[in-house]
Protein chains: 2
Amino acid sequence: MRATIRDVAREAGVSIATVSRTMRDPGSVRVETRERVEAVASRLEYVPSQLGRQLAERRHAANGIVFPDLSGPYFAEVVLGYEAVAGELGRSVLILSTAGRDDADRAVAAMAERCDGLVVLGQTISDAAVTAMVRRGTPVVLVARPSLDGIDSVRAHNLDGARALAHHVLDTGATDVAFVGDPGSGPDVAERHAGVAAVVAERGARLRLWPVTEMDEAAGEHLAAGLGTRDLPDALVCANDEMALGLLGALAERGVRVPDDVVVTGWDDVMAARYAGLTTVRQPMREIGATAARLLDERISGARVEVAHEVLPTTLVPRDTTSSPTPRKVAR
Amino acid sequence: MRATIRDVAREAGVSIATVSRTMRDPGSVRVETRERVEAVASRLEYVPSQLGRQLAERRHAANGIVFPDLSGPYFAEVVLGYEAVAGELGRSVLILSTAGRDDADRAVAAMAERCDGLVVLGQTISDAAVTAMVRRGTPVVLVARPSLDGIDSVRAHNLDGARALAHHVLDTGATDVAFVGDPGSGPDVAERHAGVAAVVAERGARLRLWPVTEMDEAAGEHLAAGLGTRDLPDALVCANDEMALGLLGALAERGVRVPDDVVVTGWDDVMAARYAGLTTVRQPMREIGATAARLLDERISGARVEVAHEVLPTTLVPRDTTSSPTPRKVAR
DNA sequence: CCGGTTTCAGAAACCGGTTACAGACTCTGC
DNA sequence: GCAGAGTCTGTAACCGGTTTCTGAAACCGG
């Protein structure tokens, strides 16, 4: 069994208090004593138990992060940004994916018992579960999810991005725009839709809504398959890249030319979007994660008591699906 | 402050031992007593402290996973597979990314103090750090990394995949093959190179090695830029998809036709590979993570003492970059 | 009604640390 | 040489649970 603080104390002929002090505040121990303790500690390969320490300090020194999935680049990047900052702040990171888990609320509640605070990405758990955790004293930061009363949040500025995107699309000459996605699926999509709708109205164009149930590639393909039955719009503004990519493939199969016959856009700037030449909107994913980590830390340490809502800027990334391809150079 | 076991015991007029038993083995407590304790517990919203429990049980009920990065799809998928199984086994998952961290060894050692065992992906930390942890009693499973003496590991069958890939490439008629990548960068690439080399030799073709320092898109682009100076081979077998994708873009710019002038392959089957029509080799990433979680659990629980080395099969995914494009259908 | 077995619950030790408090010892300055 | 201040270090309580051991009460058949 590994050496404990009592083993070290006994061997060094001191009390456990002195060993503890030697480990955490060497300056408070006489040099001579300290060296004796340190010698014994290193001989016994003593490393303080985190469990004992955490119990005594009544803190976990760990943060959690809940996400639906990591398959897409979106959440993976957020997690990375989060982990980097949490690491700097001396906190471990616990992860929990709710994909394919039917008891997400319970799983998250269990995780809340193992960390000092956590970040919830998207619509992974119920509002009730979130407020229950906060009520119990676990700080929570919401990301990519509508903010709840008194709870910190971090979001990308969907509205701004959507407005910029809409202007760009209309600048191609489009007057008949279709928004592909379900605004009811969450605030992100709702805001994107609202931003596009506002600009389209301002500039006197027409906006239709093409609802989907799932927002994945298959949805895009399926939509393209049913295209013949409706008149083709000038622009297909998709709520995310996956659908746009699915659409692109299916449109090409059907001989519809992009961007000549129809302009297509996505949202997220996944890696594949670059190769497909897909015009899209980029969110500062890593920065979102990092910001969430900072907000959470401020909350846990008590450095801040007022509620904070951070909104980070988005970037329009114009590519071939909204303008005639440049000499085949992959836009960065 | 939250209720503790002693609060519940006092209110219910029983000892803390009885409360503890009520929580973890209700059957061992008389119905009447149990109901009284449960009533008090729910009234006080008592939830046992994980810290106290963990200290008493001397286990963390958490596993760690160390990875270099999550940007690519590779590690993200492994992490997902790992998390899913660990969750089923009732263990939390701690993550640690070594990207942009100069003290990876120390960070991992610190994490090892907070979990019952961990998985190390790739060349994230030194062999010395790994063996040190194992010596201290922390079970470790290595993934995508050469196995160390007495330490469990999980790998994909690079050799098989490389052989299949090489046969496929030679079947296109190629006789002059270039392998793009640095076999010295790790066992994965070394095995891929070895597999290709073996088949090329068997079938009497020629194999060159095009070394690179970084294995990213920029490397591929840079390589293509320098192409004029060397004679173009029949096939460019890249050690990963990123380089292959970078190459594809740069080749197209230079007017080199793929697959007519040169055949190109990657490795990993990232999402973008599908859109680029890139022939590649798929590894069962989620399954690798899941397998690692199971091996680790067996080790932690002591269910297995002998060392295990799992090798999972790979799949060749032929696409347009090795054969004339089919009618523009995205291959799954 | 009685001895023996079973069931149930409490006392106390324990997990491995942190830290308030107090006592002992060492310096000062007079 | 001694009082007072300052420096170290030890004692012991505490963090919040689990679990062994033990004794009391309930139950059993004869």
Side-chain angles (χ1 to χ4, degrees), chain A residues 1-41 44-62 90 110 112-116 136-138, chain B residues 1-41 44-62 90 110 112-116 136-138:
Chain A
M1 189 55 88
R2 291 167 32 169
T4 72
I5 197 172
R6 283 162 232 272
D7 298 328
V8 177
R10 186 173 358 91
E11 293 274 317
V14 298
S15 73
I16 60 169
T18 299
V19 177
S20 179
R21 278 187 286 256
T22 305
M23 303 307 291
R24 55 194 3 263
D25 181 15
S28 69
V29 176
R30 190 158 40 125
V31 172
E32 179 186 324
T33 313
R34 184 208 312 164
E35 285 173 353
R36 190 151 36 97
V37 172
E38 282 170 346
V40 173
L44 299 184
E45 296 189 334
Y46 169 67
V47 175
S49 153
Q50 289 301 319
L51 283 180
R53 187 170 270 182
Q54 285 161 26
L55 179 59
E57 294 179 343
R58 269 174 294 184
R59 61 182 226 128
H60 298 264
E113 295 298 315
R114 313 183 96 258
C115 50
D116 304 316
R136 279 187 71 76
T138 304
Chain B
M1 189 54 89
R2 291 166 31 167
T4 72
I5 197 172
R6 284 161 232 271
D7 298 329
V8 176
R10 186 172 358 92
E11 293 275 316
V14 298
S15 71
I16 60 168
T18 298
V19 177
S20 178
R21 278 188 283 255
T22 306
M23 303 306 291
R24 54 193 6 263
D25 181 14
S28 69
V29 177
R30 191 158 40 126
V31 173
E32 180 187 322
T33 313
R34 185 208 310 165
E35 284 173 351
R36 190 151 37 98
V37 172
E38 282 170 347
V40 172
L44 300 184
E45 295 188 335
Y46 169 68
V47 176
S49 152
Q50 288 302 319
L51 284 180
R53 187 170 268 182
Q54 285 161 25
L55 179 59
E57 293 179 342
R58 270 175 294 185
R59 64 181 225 127
H60 299 263
E113 295 299 314
R114 314 183 93 257
C115 50
D116 303 316
R136 279 187 70 75
T138 303

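Per chain, numbering begins at 1; letters A, B, ... match sequence-line order.
One can place CZ of B:R59 at 12 Å from P of D:dT18, the figure rounded to the nearest angstrom. The distance from atom CD of B:E113 to atom C1' of C:dG16 is 12 Å, rounded to the nearest whole Å. Separating the CD atom of A:E57 from the P atom of C:dG16 is a distance of 17 Å, rounded to the nearest angstrom. Atom-to-atom, CG of B:L51 to C1' of C:dC15 comes out at 13 Å; the value is rounded to the nearest Å. When the P atom of D:dA25 is taken as reference, atom CD of B:E32 falls 15 Å away, rounded to whole Å. Here D:dG17 presents its C1' atom at 15 Å from NE2 of B:H60, a figure rounded to the nearest Å. Nucleotide C:dA11 holds its P atom 10 Å from the CD1 atom of B:I16, rounded to whole Å. The CD-C1' distance, from A:Q50 to C:dG16, rounds to 11 Å in whole Å.
Under the 3.5 Å distance criterion, the side-chain polar atoms of A:T22 are matched with a main-chain donor or acceptor of A:T18. Not a single donor-acceptor pair under 3.5 Å links the side chain of B:R136 to the backbone N or O of A:R2. At least one donor-acceptor pair under 3.5 Å links the side chain of A:H60 to the backbone N or O of A:R114.
For D:dT18, one of the phosphate oxygens OP1 or OP2 lies less than 4.0 angstrom from a side-chain nitrogen or oxygen of B:R53. Side-chain N/O atoms of A:T18 include one lying less than 4.0 angstrom from OP1 or OP2 on D:dG10. Contact between the side-chain N/O atoms of A:R24 and the OP1/OP2 oxygens of C:dT19 is found at a separation under 4.0 Å. A close approach under 4.0 Å does not occur between any side-chain nitrogen or oxygen of B:R30 and OP1 or OP2 of C:dT7.
Mapping B:R34 and A:A3 onto DNA chain C via the closest heavy atom, the residue that lands nearer the 5' end is B:R34.
Between the side chain of A:R58 and the base of C:dG17 there is no donor-acceptor pair of N/O atoms closer than 3.5 Å. In terms of polar N and O atoms assigned as donor or acceptor, the side chain of B:R21 comes within less than 3.5 Å of the base of C:dG10 in a complementary pairing.
Within 4.0 Å of A:L55, counting heavy atoms only, lies at least one base atom of the nucleic acid. Residue A:S20 is in base contact, counting any heavy-atom pair closer than 4.0 Å across all strands shown. A:V29 comes within 4.0 angstrom of the backbone, heavy atoms only, and of no base. Within 4.0 Å of A:V47, counting heavy atoms only, lie sugar-phosphate atoms of the nucleic acid but no base atom.
The distance from the CG atom of A:L44 to the OG1 atom of A:T4 is 9.5 Å, given to the nearest 0.5 Å. Distance check, rounded to the nearest 0.5 Å: CZ of B:R6 to OH of B:Y46 gives 9.5 Å. In this structure, the separation between CD on A:Q50 and CG on B:L51 is 11.0 Å, given to the nearest 0.5 Å. Interatomic distance, B:E35 CD to B:E32 CD, rounded to the nearest 0.5 Å: 8.5 Å.
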Annotated structure of DNA chain D as dot-bracket, pair cut-off 3.5 Å, Watson-Crick or G-U only, | for inter-strand, is ||||||||||||||||||||||||||||||
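Of all the heavy atoms in B:V29 and B:R34, the pair that sits closest is CG1-N, 3.7 Å. Shortest non-hydrogen contact noted between B:C115 and B:A62 is CB-O, 3.0 Å.
If you check residues 4-15 of chain A against DNA chain D, the residues with a heavy atom closer than 4.0 Å are A:G13, A:V14, A:S15, listed by number.
Using a cut-off of 4.0 Å between Lys/Arg side-chain N and Asp/Glu carboxylate O, B:R53 and A:E113 are scored as not salt-bridged.
The listed nucleotides are D:dG17, D:dT18, C:dA11; the one nearest the side chain of B:A17 is C:dA11.
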